[in-house]
2 protein chains.
Amino acid sequence: MYEQLAKSIGEKVALTTEEFELCKTFFIPKKIRKKQTLLLEGDICTYNAFIEKGVLRSYTIDDKGNEHIVQFGFEGWWVTDLSSYLTGANSIYTIEAIEDSELLLLTASAREELMIQLPAFERYQRLLLQNAYIALQTRINSALNETAEEKYLKLTASYTNIIARVPQHMVASYLGLTPETLSRVRKQISLRK
Amino acid sequence: MYEQLAKSIGEKVALTTEEFELCKTFFIPKKIRKKQTLLLEGDICTYNAFIEKGVLRSYTIDDKGNEHIVQFGFEGWWVTDLSSYLTGANSIYTIEAIEDSELLLLTASAREELMIQLPAFERYQRLLLQNAYIALQTRINSALNETAEEKYLKLTASYTNIIARVPQHMVASYLGLTPETLSRVRKQISLRK
DNA sequence: AAATGGCATTGATCTAAATCAATTTTATTT
DNA sequence: AAATAAAATTGATTTAGATCAATGCCATTT
């Protein structure tokens, strides 16, 4: 149940077996079925969820009722509404399982305590954030300055897992395109080669 | 010369006077004039720059030669190409002063050493990153799902300093709009009230 | 003060992607 | 396996914003 977490932490910092055992005690294991939600828009996000198994998505809903996917999460990734989680504000995102998933939940206070008891965990969290920040900056640039086709091609090149495990209309939403446009973009690409 | 830095750190963590004095020794002060660059696309980004005074922007240049502004930096903010700074890869951004500016530069190795000697500084860096990440996520959502007018109105509501101190065509670039479109959007807004 | 070059504005036209609508294909549920 | 629902495709039309082009406006520099 803690394989992915051990792997993720081990890639960033070195922990002894005892330290990792201590670490484990701060998490709450939870299984969640496809289409179930971990967080509903408007609620307070009490958990940062590490994904041991499965796929989740976080999304906003606009005035017209359209869903806009902000992030996907796969094995070895974290998902949360960071703003709500850290400040206790009402969440603007809904987090939902795309597949049956196994999660390890960490409350904000458990996380604070863990970072104090285990400085390496704070370092791990910072390193994760750095990578996430770099990825988001690339995505901003893509969102603002690329055509529909460029966005899709870059996604297929960099995030094979998204294409493989996420329904096409959700990929469209993630890229800020309509399902129709993504379908046509794919058609164009397939015709050309 | 270190007022803004003291303020920025003080908002996140508590340092003794001696600790802050130690901290200061890791930084290299540098003045940079308007239109001068701190980093050129293709070079390796050797510094994380804290802005004591002034305004900077970081931007990419696409195949057609168009500039796309990724970030502005004001007093009390940090600017760098995080990816290049951390990994040593060639930078994809250019960082340039919009006004004459005063910077405090921190090399990657100085930063590492400072985080080891002063764990509070690692905490400070993580807290900064958390806020930056939250802000970027909001921006992604805006970039993908809002109209030109909505983007502009939200920017004016949240980032008065950008509107006040940055030329309009750079604001347009930051929002992913052409200068013409931003001009028309502003016209529409002014006509309505 | 005149001159130069970068900015902002305004108009006309074009285009990528959205919207609306219908059909086919693929998944779920019973 | 049949029925139902959800997803993807395809076509016709609309539209927000880009592009192209011209003019006026400041702000530096001389």
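Below, chain A is the first sequence line, B the second, and so on; all start at residue 1.
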Rounding to a whole Å, what distance do you find between [X]:[atom1] and [N]:[atom2]?
X: B:Arg186; N: C:dC7; atom1: CZ; atom2: P; answer: 15 Å
X: A:Asn145; N: D:dT19; atom1: CG; atom2: C1'; answer: 16 Å
X: A:Ile98; N: D:dA6; atom1: CD1; atom2: C1'; answer: 15 Å
X: A:Leu182; N: C:dA18; atom1: CG; atom2: P; answer: 10 Å
X: A:Lys187; N: C:dT25; atom1: NZ; atom2: P; answer: 12 Å
X: B:Glu146; N: D:dA16; atom1: CD; atom2: C1'; answer: 15 Å
X: A:Gln188; N: D:dT9; atom1: CD; atom2: P; answer: 13 Å
X: B:Met170; N: C:dG6; atom1: CE; atom2: C1'; answer: 11 Å

Answer yes or no: is there an ion pair linking [X] with [Y], defined by an N-O contact shorter than 4.0 Å?
X: A:Arg126; Y: B:Glu122; result: yes
X: A:Lys34; Y: A:Asp100; result: no
X: B:Arg192; Y: B:Glu149; result: yes
X: A:Lys7; Y: A:Glu75; result: no

Centroid-centroid distance, A:Phe72 to A:Tyr174, less than 6.0 Å: yes
OP1 or OP2 of [N] less than 4.0 angstrom from a side-chain nitrogen or oxygen of [X], does that happen here?
X: A:Ser183; N: D:dA8; answer: no
X: A:Thr181; N: C:dA18; answer: yes
X: A:Gln168; N: C:dT26; answer: no
X: B:His169; N: C:dA8; answer: yes
X: B:Thr178; N: D:dA18; answer: yes

Is a side-chain N or O of A:Ser91 found less than 3.5 angstrom from the main chain of A:Ile44, in a donor-acceptor match? no
Mark yes or no for whether B:Thr25, through its side chain, and B:Leu22, through its backbone, hold a donor-acceptor pair below 3.5 Å. yes
Hey, does the side-chain of B:Glu180 have a donor or acceptor N/O within less than 3.5 Å of a partner on the base of D:dC20? yes
Side-chain donor/acceptor of A:Arg184 to base of C:dT19, under 3.5 Å: yes
On DNA chain D, nearest-nucleotide positions of B:Lys34 versus B:Leu177: which is more 5'? B:Leu177
Considering the terminal five base pairs at each end of the helix from C:dA8-D:dT23 to C:dT30-D:dA1, what angle separates the two local helix axes, rounded to 10°? 50°
